[in-house]
Protein chains: 4
Amino acid sequence: MNKNKVVSNVKDQELIKKRRDQMIKGAITLFKEKGFHRTTTREIAKASGFSIGTLYEYIRTKEDVLYLTCDAIYEQVRERIENAFELEQPSRESLVKVIESYFYLMDDLQEEILILYQEAKSLKQETRGYILQKERNMVDILEKVILNCIPEQITKQEAVILANNIFVQGHMWGFRRWILQKQFSLEEYIHLQINAMLRAAEK
Amino acid sequence: MNKNKVVSNVKDQELIKKRRDQMIKGAITLFKEKGFHRTTTREIAKASGFSIGTLYEYIRTKEDVLYLTCDAIYEQVRERIENAFELEQPSRESLVKVIESYFYLMDDLQEEILILYQEAKSLKQETRGYILQKERNMVDILEKVILNCIPEQITKQEAVILANNIFVQGHMWGFRRWILQKQFSLEEYIHLQINAMLRAAEK
Amino acid sequence: MNKNKVVSNVKDQELIKKRRDQMIKGAITLFKEKGFHRTTTREIAKASGFSIGTLYEYIRTKEDVLYLTCDAIYEQVRERIENAFELEQPSRESLVKVIESYFYLMDDLQEEILILYQEAKSLKQETRGYILQKERNMVDILEKVILNCIPEQITKQEAVILANNIFVQGHMWGFRRWILQKQFSLEEYIHLQINAMLRAAEK
Amino acid sequence: MNKNKVVSNVKDQELIKKRRDQMIKGAITLFKEKGFHRTTTREIAKASGFSIGTLYEYIRTKEDVLYLTCDAIYEQVRERIENAFELEQPSRESLVKVIESYFYLMDDLQEEILILYQEAKSLKQETRGYILQKERNMVDILEKVILNCIPEQITKQEAVILANNIFVQGHMWGFRRWILQKQFSLEEYIHLQINAMLRAAEK
DNA sequence: CATGAATGAGGGTTCATTCAT
DNA sequence: AATGAATGAACCCTCATTCAT
């Protein structure tokens with residue numbers, strides 16, 4: 001329902017999924033390394049394990065690869081967020097756990113997140129909007145978890161800000177690694193951030 | 001000591017500065033609009049008010065333009081930060097004022113900051129390191145202000161985190177404008193963020 | 001004896017004829033619209049109602065399609081010319097009738113004729129020669145009709161020229177339609193041309 | 001006023017004219033040989049005596065080359081037609097002379113005319129219209145000459161037809177050379193055609 | 001016989017960079 | 001110092017053709 005936005009010459013839907021997965025995997029590796037603009041379509045094809053001709057059987061333009069890649073990254077984040085979030089009972093402790101898992105997840109996906117930060121703006125207006133909507137959804141989930149877990153200590157507005165802060169602080173661990181990861185272990189970082197955030201909410 | 005890293009054929013230092021200022025101004029406009037990779041050197045020359053040949057009298061490669069531009073943006077931020085920070089007497093209130101001015105500054109320079117986020121990675125290893133050092137310096141300044149203003153309520157580590165959070169939350173206002181600026185005015189945003197941060201530190 | 005010049009993997013001659021007829025029909029539609037070079041083999045296959053793989057069971061190269069198409073057009077013209085010409089008794093009136101039917105035919109096949117004019121040169125030397133021979137035959141038929149109908153008023157050479165003129169004036173109605181069809185109805189055009197031609201022959 | 005329809009990066013108007021003349025010359029040679037579609041831009045550049053990069057300093061797309069080429073051919077024809085036509089006093093003899101010179105001209109430009117017939121349809125709607133207008137102008141000139149020279153023997157409509165016939169019979173000598181030039185010398189052809197045409201008008 | 005996924009040579013076009021003037 | 005014409009490597013993308021199923 002979303003990958004189908006990108007048109008393919010090939011009819012076999014399973015094959016499309018398979019080839020695009022190869023493609024995305026190859027593209028992520030390359031985009032991490034040299035960014036979207038410095039990566040050529042031939043390199044993407046090669047990294048995907050097929051020819052340039054085949055690549056273009058599954059996409060229409062190079063930008064499609066970027067879209068599929070960004071989309072896949074968000075999809076991955078969303079999926080893992082939902083797994084981590086759904087199990088919890090509403091309570092301060094469960095909120096802490098949710099934030100912790102989110103930070104661990106962001107640690108895991110540092111480089112992928114970087115791609116979003118640096119390349120998503122190269123998507124066309126419409127496509128970018130579609131991708132940003134996904135991001136908004138994730139922040140919304142976070143916000144709901146917060147309001148669910150500590151409803152008494154926080155206003156709606158504060159929850160919005162808090163959700164955004166958590167969201168970006170998770171990214172920050174990755175895109176500011178050269179400064180943060182030299183001074184803190186992941187556990188320390190998580191601990192300090194959660195403390196700072198929740199102490200504020202508890203006052 | 002820094003712009004001289006970029007080699008020029010021209011001897012006259014004043015002229016170099018003048019031409020490069022034109023160049024940076026043109027480049028920022030263009031990079032805001034279409035990013036570094038989608039901007040051509042011809043366009044930069046035109047926007048700078050001189051010919052492509054002249055452009056290359058003052059730089060060696062296109063990347064030099066990016067470097068000069070990023071450098072100039074940081075320089076601009078640094079300068080204005082220093083102005084805003086130096087006057088204050090250490091106190092909780094002065095810290096609040098510092099943060100406020102920083103947020104106003106970031107509101108002002110939203111698009112320039114975006115350039116740094118999206119394009120700085122296109123700099124060569126060495127050059128990028130040079131630029132990042134400047135950023136580190138700025139966070140350090142923030143950290144010192146914090147430790148200076150509220151030494152009793154905060155540990156060294158917490159100050160590091162807080163400085164980074166402030167720093168990034170300032171950027172966030174710009175690069176997440178599509179979500180934040182629809183829900184909050186700048187003043188509300190500042191108010192909420194400062195409250196959340198400092199309440200935590202005060203508990 | 002002529003379509004067999006194009007090699008097919010398929011044995012069943014009837015099937016070959018059937019498929020090639022589909023193919024020619026599809027190709028003519030496409031060539032009218034966008035010309036030979038801008039039409040892809042995939043489009044031809046689709047317009048023919050079968051897959052690209054099947055297309056290549058019945059031809060060897062894309063040029064074969066062009067050849068078959070040109071050949072079919074000529075064949076169509078020839079067939080209808082013969083029908084129109086054979087019935088007549090030699091006389092001035094019957095010559096007029098012949099020319100009239102030829103002009104009506106050319107009006108009917110305007111677009112097909114255009115294909116011949118614009119694309120036949122893309123055929124390989126040998127193949128093109130084969131096609132041109134067909135054309136020559138048709139002019140010969142015209143010439144004979146002329147000599148048959150008005151032997152006294154015309155020399156052999158004049159008949160050759162006249163046959164070629166009629167032939168091309170028929171085409172002209174189609175390929176100069178943007179100029180002729182705005183000024184004349186088909187009937188007027190026929191009337192004027194026949195008058196001009198035959199008055200000359202009658203002097 | 002017409003070549004300027006094609007945009008160039010280069011500013012020096014004289015240079016543009018010089019380079020485009022080289023380009024047109026190269027292109028005509030190649031188009032004669034293999035047609036527009038089978039000619040690559042690299043070949044055009046080479047035949048023009050400069051690099052592919054330089055080629056694209058003087059045009060925007062490959063189609064521009066076709067346009068410039070067709071335009072130049074028409075311009076050549078027009079120029080020579082005007083020279084041949086203007087000197088004459090209106091009389092039957094002068095009309096004959098005009099037609100003769102036109103046929104000689106067409107003999108000279110056979111291959112160029114063929115390009116127009118076969119490739120002009122590859123021009124975009126608008127551009128093609130522009131080119132066709134030039135053709136219309138030429139037929140108009142012929143028509144006026146006719147009406148001027150033999151006003152008494154011919155109606156307006158007949159003159160239109162006659163002008164178109166002369167026009168196309170000139171082309172025919174070239175694009176049907178494989179049939180006509182084997183049977184007639186140019187002089188014979190001219191003689192026969194003029195006789196046929198004017199005898200008709202004189203009856 | 002029919003299918004359609006796979007291939008890769010090759011085409012049009014761009015653009016960073018150079019260098020003669 | 002300033003100019004801008006020239007260059008060609010390299011990019012994105014297409015499409016005729018093949019071949020395993």
Side-chain angles (χ1 to χ4, degrees), chain A residues 8-12 15-16 18-19 37-45 49-65, chain B residues 8-12 15-16 19 37-46 49-65, chain C residues 8-12 15-16 19 37-46 49-65, chain D residues 8-12 15-16 18-19 37-45 49-65:
Chain A
S8 168
N9 286 335
V10 176
K11 299 181 176 176
D12 182 338
L15 192 53
I16 292 182
K18 182 180 156 197
R19 291 277 177 265
H37 285 101
R38 292 204 198 288
T39 301
T40 70
T41 51
R42 272 177 172 82
E43 287 171 327
I44 295 170
F50 37 69
S51 72
I52 182 68
T54 300
L55 179 70
Y56 276 90
E57 292 290 307
Y58 294 93
I59 54 161
R60 269 244 202 296
T61 69
K62 190 187 175 192
E63 209 211 282
D64 284 347
V65 181
Chain B
S8 166
N9 286 336
V10 178
K11 309 287 169 187
D12 182 340
L15 192 53
I16 293 184
R19 291 278 180 262
H37 284 101
R38 294 205 199 285
T39 300
T40 69
T41 51
R42 271 167 153 106
E43 288 170 325
I44 295 170
K46 195 174 178 188
F50 38 70
S51 74
I52 184 68
T54 301
L55 180 70
Y56 273 87
E57 292 292 310
Y58 295 92
I59 53 160
R60 198 128 285 188
T61 70
K62 188 187 175 192
E63 210 212 280
D64 284 347
V65 181
Chain C
S8 166
N9 287 335
V10 177
K11 309 288 169 188
D12 182 340
L15 191 53
I16 292 183
R19 291 277 179 262
H37 284 102
R38 293 204 198 288
T39 301
T40 69
T41 52
R42 272 167 152 106
E43 288 171 325
I44 295 169
K46 196 174 177 190
F50 37 71
S51 73
I52 182 69
T54 300
L55 180 70
Y56 273 87
E57 292 293 310
Y58 295 91
I59 53 160
R60 198 131 283 190
T61 70
K62 189 187 174 191
E63 210 212 280
D64 284 348
V65 181
Chain D
S8 167
N9 285 334
V10 175
K11 299 179 177 178
D12 181 339
L15 193 53
I16 293 183
K18 181 179 157 197
R19 292 277 178 264
H37 285 102
R38 293 205 198 286
T39 301
T40 70
T41 52
R42 276 171 176 84
E43 288 170 325
I44 295 170
F50 35 70
S51 72
I52 182 65
T54 299
L55 179 70
Y56 274 90
E57 291 290 306
Y58 294 91
I59 52 160
R60 268 243 203 297
T61 68
K62 190 188 176 191
E63 211 212 281
D64 283 347
V65 181

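In this text, all values refer to a predicted model and were calculated from it rather than measured experimentally. Within every chain, numbering begins at 1; the chains are lettered A, B, ... in the order of the sequence lines, protein sequences first and strands thereafter.
- In terms of phosphate contacts, B/Arg19 brings a side-chain nitrogen or oxygen within less than 4.0 Å of OP1 or OP2 of F/dA2.
- OP1 or OP2 of F/dA5 has not a single side-chain nitrogen or oxygen of D/Tyr58 nearer than 4.0 Å.
- In terms of polar N and O atoms assigned as donor or acceptor, the side chain of A/Arg60 never comes within less than 3.5 Å of the base of F/dT14 in a complementary pairing.
- Phosphate contact (OP1/OP2 of F/dC15, side-chain N/O of C/Thr40, threshold under 4.0 Å): absent.
- Atom CD in C/Glu57 sits about 10 Å away from atom P in E/dT3, given to the nearest Å.
- Listed nucleotides E/dA5, E/dC1, F/dA2 differ in distance to B/Leu15; the shortest reach to its side chain belongs to F/dA2.
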> For A/Tyr58 and A/Leu15, what are the C-alpha separation, side-chain angles and deciding distance, and is it a side-chain contact (heavy atoms from CB on, under 4.5 Å)?
Replying inline: CA-CA 10 Å; A/Tyr58 294 93; A/Leu15 192 53; 3.6 Å; yes
>> side-chain contact (heavy atoms from CB on, under 4.5 Å) for C/Glu57 and C/Ile16? Distances and angles first, verdict last.
In response: CA-CA 9 Å; C/Glu57 292 293 310; C/Ile16 292 183; over 6 Å; no
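- Of the candidate nucleotides E/dT3, F/dT7, E/dT17, E/dT3 has the atom lying nearest to any side-chain atom of C/Phe50.
- Residue order along DNA chain E, read from the 5' end via each residue's closest nucleotide, puts A/Asn9 first among A/Ile52 and A/Asn9.
- The B/Thr41 side chain lies nearest to E/dA16 when the options are E/dA5, F/dT17, E/dA16.
- The distance from atom NZ of A/Lys18 to atom C1' of E/dA6 is 12 Å, rounded to the nearest whole Å.
- The nucleotide F/dC12 finds its pairing partner in E/dG11, both defining distances of the Watson-Crick or G-U wobble pair being shorter than 3.5 Å.
- Checking E/dT13, E/dC1, F/dA16 against the side-chain heavy atoms of C/Lys62 singles out F/dA16 as nearest.
- When the nucleotides E/dG4, E/dA9, E/dT17 are ranked by their closest atom to the side chain of C/Ser51, E/dG4 comes out on top.
- Checking the phosphate oxygens (OP1, OP2) of F/dC13, a side-chain nitrogen or oxygen of A/Tyr56 falls inside 4.0 Å.
- Spacing between atom CD1 of A/Ile44 and atom C1' of F/dC11 amounts to 12 Å, rounded to whole angstrom units.
- Among the heavy atoms of the strands, none lies under 4.0 Å from D/Ser8.
- Between D/Glu43 atom CD and E/dG10 atom C1' the separation is 11 Å, expressed in whole Å.
- If you measure from atom CG of D/Asp64 to atom C1' of E/dG12, you get 12 Å, rounded to the nearest angstrom.
- In this entry E/dT21 has F/dA2 as its Watson-Crick or G-U wobble partner, both defining distances falling under 3.5 Å.
- Summary of the strand contacts: A/Lys11 and D/Gly53 both lie near DNA chain E, and taking for each the nucleotide with the nearest heavy atom, the more 5' one is attributed to A/Lys11.
- Rounding to the nearest 0.5 Å gives a distance of 12.0 Å between OG1 of B/Thr41 and CG of B/Asp64.
- Side-chain atoms of D/Arg42 come within donor-acceptor range of the base of E/dG12, with a qualifying N/O pair under 3.5 Å.
- At E/dT7, one or more side-chain N or O atoms of A/Thr54 fall inside 4.0 Å of OP1 or OP2 (strictly under the cut-off).
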